[in-house]
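What follows is a single structure, written as structure tokens, with notes after it.
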Amino acid sequence: MGKQYYITTAIAYVNGEPHIGHAQEYILADVFARYRRLQKKDVYFLTGTDEYGLKNYQKAKAENLDAKAFVDRQARKFIDLQQNLSISYDRFIRTTDADHKRVCQWLWNKALKAGDLYEKEYEGLYCIGCEAFKMPDELENGKCPLHGKEPEKVKEKNWFFKLSKYAPEIAKRLKEKDLIIHPAHRTKETLNFLKKAEDISVSRSKERLSWGVEVPNDAGQVMYVWFDALTNYLTGARRNAAKESIAKEDFARWPVDLQVVGKDIFRFHTVIWQAMLISTGFDVSKNILIHGFINVNGQKMSKSTGNYIEAKEYIKKYGADALRYYILRYIPTTEDGDFSQIGFKQVYISDLGNDLGNLVQRTLSMIKSNKINVSGFLDHVPELPLWYTDKVEGFDFAGALGDIWKMVAEANTLINKDKPWELIKKDPQKAKATLGTVYKFIVDIAYLLRPFLPDSAHKIEEQLKTLSPQVIFPRI
Ligand code: MSP
């Protein structure tokens with residue numbers, strides 16, 4: 001069996017509710033997975049939840065729940081979101097899965113054998129929001145700029161990982177393009193960060209936190225949540241996940257072809273994760289796509305400011321594809337973007353209902369009522385044009401959709417100009433030719449939309465066959 005095309009998302013903490021920021025990441029990865037499948041690639045798509053660590057544990061306690069019961073309940077919400085968004089994942093990994101624990105401990109032992117783990121007494125400032133130690137110069141007025149809270153002082157004996165040892169090697173792999181970071185300017189940021197990379201603590205004392213994967217050579221400690229979380233990408237790379245004993249050859253999907261992560265956690269992926277891989281004898285990741293953040297009405301989304309948008313209401317009201325379309329077309333992939341509630345509705349009505357929905361409806365109704373034979377067009381298998389592959393491979397999803405909508409506009413213009421409903425009486429041959437041309441346009445449009453709006457593309461393709469148009473984007 002050949003190597004699969006392996007694509008991953010970050011795995012979300014389950015202390016909060018799934019929101020449109022999580023949805024964006026799943027959608028971006030899903031478009032690419034579906035695009036590769038359209039190119040007949042054998043794709044394996046991994047996503048999941050990050051369930052250990054202090055942040056999840058504290059939330060469970062705050063709700064008076066056993067940690068496992070809490071993460072079980074919360075993970076379900078993320079699975080539901082993914083399913084409701086038609087995310088075509090192959091595995092939803094949970095870091096509490098039994099095979100993941102085995103891989104973590106196996107990888108830890110490999111790093112230990114490589115001489116890259118050592119014990120040290122450490123004192124530092126720990127931000128629970130980031131699940132990371134912070135250097136004093138990373139704080140603003142003593143607070144974490146991302147979470148607005150003072151980190152807690154921690155003093156304990158931990159296991160450390162020799163991150164600094166691998167900084168030059170990572171820089172070399174970046175220069176040689178073994179690992180490619182998108183967008184390219186994040187490479188420079190990574191290189192700067194590598195220059196000051198220090199060894200990191202990778203375990204916590206069980207007395208403070210027992211909710212984690214046990215360190216195999218030290219029963220008094222659990223792994224630092226990021227050490228276990230990052231390892232999920234290797235757990236998902238094994239073809240024989242159920243096998244208890246682990247060998248390097250099991251990781252047949254490795255190296256990963258594309259990792260999709262948000263801008264707040266990219267260093268964990270471009271630096272720490274790559275060092276862990278090199279230390280344990282694995283290839284570095286091939287591509288890392290760093291996306292921006294979705295803000296709401298110009299503000300960072302947060303529960304405390306009350307502008308927190310869950311995806312489920314939108315999906316329920318407008319359908320998964322409406323949310324997919326809005327995010328893909330109007331939120332830039334690698335920059336921050338704004339989610340506007342008013343804009344969303346307008347886009348739904350104009351782009352989806354009026355432009356695309358109407359085009360399909362009126363064309364197929366006229367073809368049906370005039371009994372025009374279009375069956376020949378269904379044998380035509382559309383190809384992916386260069387403008388499309390260039391844009392999708394460059395993660396310019398908004399650009400690709402913009403060009404597809406130019407095709408939609410062109411088809412609508414042709415109908416409006418020729419008015420086949422009038423022409424059919426005067427010049428039936430010409431009316432048939434116009435409708436045939438538009439029909440073929442729709443065949444192409446539906447095909448190109450498959451990675452972006454899978455459910456609507458499918459509905460359109462079905463209607464093209466049955467010629468019984470049904471409303472795809474109902475008026476709300
Ligand atoms: N558990 C870690 C990731 C571990 S990966 C081995 C984590 N979880 S998270 O729930 O905080 O974030 C999950 C993903 O959602 C991250 O890639 C993060 O950047 C992304 N987003 C969180 N809020 C976001 C927005 N407002 N907008 C877009 N993406 C955002 O970090």
Side-chain angles (χ1 to χ4, degrees), residues 7-29 46-57 59 71 74-75 77-78 81-82 85 87 92-97 100 103-104 107 127-132 144 146-147 186 202 212-213 223-237 256 258-274 276-277 285 288-303 305 307-311 323 326-328 330-339:
I7 177 164
T8 65
T9 67
I11 48 171
Y13 292 123
V14 292
N15 64 319
E17 305 303 303
H19 56 65
I20 50 168
H22 299 118
Q24 177 189 25
E25 185 167 301
Y26 304 148
I27 294 167
L28 294 174
L46 181 79
T47 185
T49 38
D50 186 354
E51 303 185 1
Y52 288 120
L54 207 52
K55 172 159 164 152
N56 292 322
Y57 185 76
K59 192 68 204 282
V71 299
Q74 289 299 100
K77 297 180 187 172
F78 285 84
L81 171 63
Q82 300 233 5
L85 274 172
I87 303 300
F92 189 99
I93 191 169
R94 298 181 52 195
T95 52
T96 49
D97 288 346
H100 176 63
V103 174
C104 287
L107 198 75
C127 169
I128 300 172
C130 293
E131 290 281 16
C144 164
L146 289 176
H147 296 94
R186 298 280 190 193
V202 285
V213 179
M223 291 178 197
Y224 168 48
V225 63
W226 272 99
F227 191 96
D228 114 63
L230 288 164
T231 305
N232 94 85
Y233 304 127
L234 277 178
T235 308
V256 62
L258 179 65
Q259 305 215 259
V260 182
V261 302
K263 64 172 189 176
D264 56 330
I265 57 165
F266 84 86
R267 285 175 187 177
F268 288 92
H269 288 81
T270 59
V271 177
I272 299 177
W273 177 226
Q274 304 310 316
M276 285 168 64
L277 288 166
S285 309
I288 298 181
L289 169 65
I290 301 160
H291 63 80
F293 259 45
I294 299 192
N295 297 323
V296 175
N297 302 327
Q299 272 187 316
K300 191 174 170 226
M301 214 179 348
S302 91
K303 274 230 153 123
T305 51
N307 62 352
Y308 189 89
I309 299 193
E310 289 189 33
L323 188 62
Y326 180 83
I327 287 178
L328 291 165
Y330 295 102
I331 307 278
T333 308
T334 55
E335 311 280 316
D336 289 356
D338 203 51
F339 188 96

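What you see below is based on every heavy atom in this structure, not just the backbone, and it leaves out hydrogens, waters and symmetry mates. Order of appearance sets the numbers: ligands from 1, and atoms from 1 within every ligand.
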Give every donor-acceptor pair under 3.5 Å between a side-chain atom in residues 8-16 and any protein atom, sequence neighbours left out.
unit_1	atom_1	unit_2	atom_2	d
Thr8	OG1	Gln259	NE2	3.0
Thr9	OG1	Thr47	OG1	2.7
Tyr13	OH	Trp226	NE1	3.3

Does one side chain, of Glu17 or Gln74, offer a donor that lies under 3.5 Å from an acceptor on the other?
yes
Between Glu131 and Lys55, is there a salt bridge with N-O shorter than 4.0 Å?
no
Over 60° means perpendicular and under 30° means parallel, so tell me whether Tyr330 and Tyr326 are parallel, tilted or perpendicular.
tilted
Which protein N or O atoms sit under 3.5 Å from any N or O of ligand 1? Give each pair with its distance.
unit_1	atom_1	unit_2	atom_2	d
ligand 1	1 (N)	Ile11	O	2.8
ligand 1	1 (N)	Asp50	OD2	2.7
ligand 1	8 (N)	Tyr13	N	3.4
ligand 1	10 (O)	Tyr13	N	3.1
ligand 1	10 (O)	His22	NE2	3.3
ligand 1	17 (O)	Glu25	OE1	2.4
ligand 1	17 (O)	Gly262	N	2.9
ligand 1	19 (O)	Asp264	OD1	2.5
ligand 1	26 (N)	Ile294	O	3.2
ligand 1	27 (N)	Ile294	N	2.9
ligand 1	29 (N)	Gly21	O	3.4

Partners meeting side chain to side chain donor-acceptor pair (under 3.5 Å) with Thr334 (sequence neighbours left out):
none
For His269, side chain to side chain donor-acceptor pair (under 3.5 Å) partners two or more places apart
Tyr233
